[in-house]
Amino acid sequence: MQSKLQGKINELPLSPGVYLYKNAAGEIIYVGKAARLRNRVKQYFQKSRVRDPKTDVLVSEIADLDTIETESEADALFLEAELIKRYMPRYNIELRDDKSSLFIRIDIKSDQPTVSLIRRPLDDRANHFGPYQASLEVKKALRYLRRIFPYDEKPAKGSKVNLNFHLGLSPGLEENKQSLETYRSNLRKLELILTGQRTAVIKQLESEMKQAAKLGNYEQAAKLRDQVRALKHLRQQVVFGDREFMDMSKDTALVGLQDLLGLDAIPRRIEGYDISHLQGTDNVASMVVFTSGIPDKSQYRKFKLRTPGNDDFKHMHETIFRRFNGQGKSWPKPDLLLIDGGKGQLGSALKALEETGLDIPAIGLAKRREQIVIKNGDDFSLIELGLNSDIVKLLQRIRDESHRFAVTYQSSLRGKRQIASVLDEIPGVGPATRKKLIKAFGGARAVTMAKPEEIAAVVGPKMTETIVKHLGLK
C-alpha cells in the first residue's frame, strides 16, 4: 500500500460514516459504511485477514479514498444507499451475491398503507427507498423505527386489532385506534427519515407537541414527546442518512460545483427540471430537489403544462416561470437549477428567470456527452469533465431522477386518459359512476372483463344493462 494512502487511513476518525474507494483514475469503485471508519477501512488491508478473490481484486485497485462522517450507524446506512445510486460503483455490484438489493416500499396512498421490504421495485404508485445491500442492518433499523412510527407490513384483516397493535408495532386501523390521516402523517415522517431528514422531523414533532399541549390534549402531547425522545436516541442505536450531520465540505461533487461555477457557497438546494410528453400530448414537467446532495422527495413537484404541442423550449420556459412567479413562488429558493438539455432548454429557463426578476445560477446537462452547459454573457460554454467526475455523477443522478419523475407523471396522465375514454363512450355513465367502477375493479380493462353480476353489485341492475350492452359483455 502506498504511504500516502496509509497515512490517510491512520488519520481516519473512529466514528460512523461512509467510505468511498477510488482507483488510480479517480473513479469511485466501491462505497461502504462503517460503525468506526478507521477500523473498518484498515480491515481491507490486513494481510492476516482472509478475503475472497473478488475483494482481493478490489483492494488491488484502491489508490485513494474519501470518507463522510455521520452521527449514527443508521445515518450511514441511508447515506450509503444514496451514494451507490449516484456513483453506481462497479464493485458494489460485483461483490454482491446473487440476491438483489433490498428496497423499502411504502404504499402511503393505499386505503390500508403498508411498509415492506422487496427485491425489485415496480412502478406501482408506492414510494421506494434504497437500494440497501445489507439486509440485516436494514431490518434492524426498521424494527427500531417501527416502534416510533407503528405500521402494518400487510393490509389489516378482520375487525379486531392483532397482536402487533398491543406490542406497539401497528396503528390499529381495524378498530380505529388511529385514524388513516394520522397513520399517513406518521408514514410521511418515516419517509423523511429514510431520506435523511431526521432533524426536520424532530422539529416538526416538537412543534406538534407544543400545539397539542396548548390545546390541552396532553395525551397526544405525551405521545409526540416519546417520539421525539426515541428519534434523538437513534444515534445511540447499534444498527446499520441524516444529511443534517453530513459535512458538505467533504462532498467533492458539491465543492467542485461551487468552484466550477464560482458560487459564494456550496449549493445546498439544487432543483432539477425535465419535460415529458407523448408526441405533443399529456405535456408535463418535473421538479426534483436535492439537499446537500441527497434527494428530498417531500419537495418534489410536478407541473401539468398548458402550452400545447411538441416544443421543449416553450415548455421549459412555462415551467420555470410558473415555479418562480406562480404556484411555486412561496417554495424555498434554490441555490442552483439543473436543466435537462442543452443551450435551447437552458436559454429558455434563463429567460423565464429574467422575466421573474430573479438571479439564480442555472446550468444544463447535455445528454450526448454529458457536457455541462453554462451561459457566459451572450454566449454558451460547454464543459466536459469526463464520465468519472464526481460533479458529473451528481448531475447525472439529479437529471435521471427528474426524468424518472416526469415520465412517471406523464404515463399516469396518459393511463387515466385512456381509461376514461373507454368508459366515457358509454351513454349515461357519468363521473361518479366511472369512479365507482374504477375503484371497484382497478381500471377500465378490468371492467370489460367483469361479470354482469359483479358490475351490478357496484352500480345496480339498471346501469349494468347499459354497460353490458355497450361493452358486449356476457
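- Ion pair R397/E82 flagged as a salt bridge, since at least one NZ, NE, NH1 or NH2 atom sits closer than 4.0 Å to an Asp/Glu carboxylate oxygen.
- Counting heavy atoms from C-beta outward, Y183 and D152 have side chains that approach closer than 4.5 Å.
- Contact check for V201 versus L205: side-chain heavy atoms found under the 4.5 Å cut-off.
- No side-chain donor-acceptor contact under 3.5 Å links S207 to the backbone of K203.
- A donor and an acceptor atom, one from each side chain of N10 and Q6, are located under 3.5 Å apart.
- Of the possible donor and acceptor atoms, one in the side chain of N92 sits under 3.5 Å from a partner among the backbone N and O of V31.
- For the atom pair CZ (F380) and CG (L350), the distance works out to 6.0 Å, reported to the nearest 0.5 Å.
- Counting non-hydrogen atoms of neighbouring residues, nucleotides and ligands closer than 6.0 angstrom, the CG atom of D359 reaches no more than 12 such neighbours.
- Pairs of residues two or more places apart, or lying in two chains, that qualify as salt bridge (charged side-chain N to carboxylate O under 4.0 Å, His left out) and include a residue from residues 180-190 are K189-E208.
- No hydrogens or angles considered: nothing links the side chains of R269 and T291 as a donor-acceptor pair under 3.5 Å.
- For residues 105-117, every residue pair satisfying the side-chain hydrogen bond (donor to acceptor under 3.5 Å, both in side chains) rule, not counting sequence neighbours, is listed here: R105-D124, D107-T114.
- A 4.5 Å side-chain heavy-atom check between M287 and K302 finds every atom pair outside the cut-off.
- Between L37 and L14 there is no side-chain heavy-atom pair separated by less than 4.5 Å.
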Could you give me the CA-CA distance, side-chain angles and deciding distance for I29 and K22, then say whether side chain to side chain contact (heavy atoms under 4.5 Å, CB included) is met? CA-CA 6 Å; I29 56 177; K22 297 181 177 181; 5.9 Å; no
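- In this structure, N283 contributes its side chain and G309 its backbone to a donor-acceptor pair below 3.5 Å.
- No donor-acceptor pair under 3.5 Å is formed between the side chain of R40 and the backbone N or O of A34.
- Annotation for A230 and Y144: closest pair O-OH, 2.9 Å, computed over non-hydrogen atoms.
- Between the side chain of E370 and the backbone N or O of L387, no donor-acceptor pair lies under 3.5 Å.
- The two atoms that bring L254 and G293 nearest to each other are CD1-N, 3.9 Å, heavy atoms only.
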Begin from the C-alpha positions of L117 and Y132 and carry the test side chain to side chain contact (heavy atoms under 4.5 Å, CB included) through to its verdict. CA-CA 10 Å; L117 289 170; Y132 303 104; 5.8 Å; no
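- Between K33 and L79, every side-chain heavy-atom pair lies at or beyond the 4.5 Å cut-off.
- Atom CD of E153 and atom OG of S170 lie 10.0 Å apart (nearest 0.5 Å).
- Pairs passing the ring-ring contact (aromatic ring centres under 6.0 Å, His included) check and including a residue from residues 282-303, sequence neighbours excluded, read Y300-F405.
- For the atom pair CG of L346 and CD1 of I374, the computed distance is 9.0 Å after rounding to the nearest 0.5 Å.
- Shown here is D264, whose CG atom has no more than 12 heavy atoms of other residues, nucleotides or ligands within 6.0 Å.
- Across H317 and A352, no two heavy atoms sit closer than the pair O-CB, 3.5 Å.
- Between E206 and K210 there is no salt bridge, since none of the side-chain N atoms of the basic residue sits less than 4.0 Å from a carboxylate O of the acidic one.
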Take Y87 and E27 through the side-chain hydrogen bond (donor to acceptor under 3.5 Å, both in side chains) test and state the conclusion after the steps. CA-CA 9 Å; Y87 292 106; E27 175 191 4; over 6 Å; no
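- Distance check, rounded to the nearest 0.5 Å: CG of L194 to NZ of K297 gives 10.0 Å.
- We find that R369 and E384 are joined by a salt bridge, their nearest charged nitrogen and carboxylate oxygen being less than 4.0 Å apart.
- A distance of 10.5 Å separates CG of L338 from OH of Y273, quoted to the nearest 0.5 Å.
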For the pair D274 and R399, evaluate salt bridge (Lys or Arg N to Asp or Glu O under 4.0 Å) and give the outcome as yes or no after the intermediate values. CA-CA 8 Å; D274 190 22; R399 190 269 314 280; over 6 Å; no
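- Distance alone, capped at 3.5 Å, places no donor-acceptor pair between the S292 side chain and the I294 backbone.
- Counting only heavy atoms from C-beta outward, the side chains of R404 and S276 never approach each other to under 4.5 Å.
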Going through the distances and angles, do Q371 and I383 end up as a side chain to side chain contact (heavy atoms under 4.5 Å, CB included)? CA-CA 5 Å; Q371 294 171 316; I383 301 175; over 6 Å; no
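- Residues satisfying the side chain to side chain contact (heavy atoms under 4.5 Å, CB included) criterion with D311, sequence neighbours excluded, are F313, K314.
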E11 vs R38, salt bridge (Lys or Arg N to Asp or Glu O under 4.0 Å): CA-CA, chis, key distance, verdict: CA-CA 8 Å; E11 294 178 359; R38 188 195 305 169; over 6 Å; no
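- The minimum heavy-atom distance between L337 and L353, with the atom names listed, is CD1-CD1, 3.8 Å.
- Counting non-hydrogen atoms of neighbouring residues, nucleotides and ligands closer than 6.0 angstrom, the NE2 atom of H403 reaches no more than 12 such neighbours.
- Exactly one residue among V138, I118, L145 makes a side chain to side chain contact (heavy atoms under 4.5 Å, CB included) with I104. That residue is V138.
- With contacts defined as side-chain heavy-atom distances shorter than 4.5 Å, the pair W331/R323 qualifies.
- To the nearest 0.5 angstrom, T307 atom OG1 is 8.5 Å from R322 atom CZ.
- Of the charged side-chain nitrogens involved, none lies within less than 4.0 Å of a carboxylate oxygen, so that E401 and K85 do not count as a salt-bridged pair.
- Side chains of I28 and L83 form no contact here, defined as non-hydrogen atoms less than 4.5 Å apart.
- When only modelled atom types and interatomic distance are considered, D400 and Q396 share no side-chain donor-acceptor pair under 3.5 Å.
- L173 approaches P113 most closely through the heavy-atom pair CD1-CD, 4.5 Å.
- Closest heavy-atom contact between I84 and P89: O-CD, 3.7 Å.
- Taking the ring-ring contact (aromatic ring centres under 6.0 Å, His included) definition, one finds that Y19 meets it with Y21, Y44, sequence neighbours left out.
- Evaluation of the salt bridge (charged side-chain N to carboxylate O under 4.0 Å, His left out) test over residues 327-355, restricted to residues two or more places apart or in two chains, returns D340-K367.
- Under a 3.5 Å cut-off, the side chain of T182 and the backbone N or O of Q178 do not form any donor-acceptor pair.
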Take R90 and E61 through the test salt bridge (Lys or Arg N to Asp or Glu O under 4.0 Å) and record every step on the way to the result. CA-CA 12 Å; R90 53 191 172 88; E61 283 198 45; 2.5 Å; yes
Test I193 against L231 for side chain to side chain contact (heavy atoms under 4.5 Å, CB included), laying out the working first. CA-CA 9 Å; I193 290 169; L231 282 177; 3.4 Å; yes
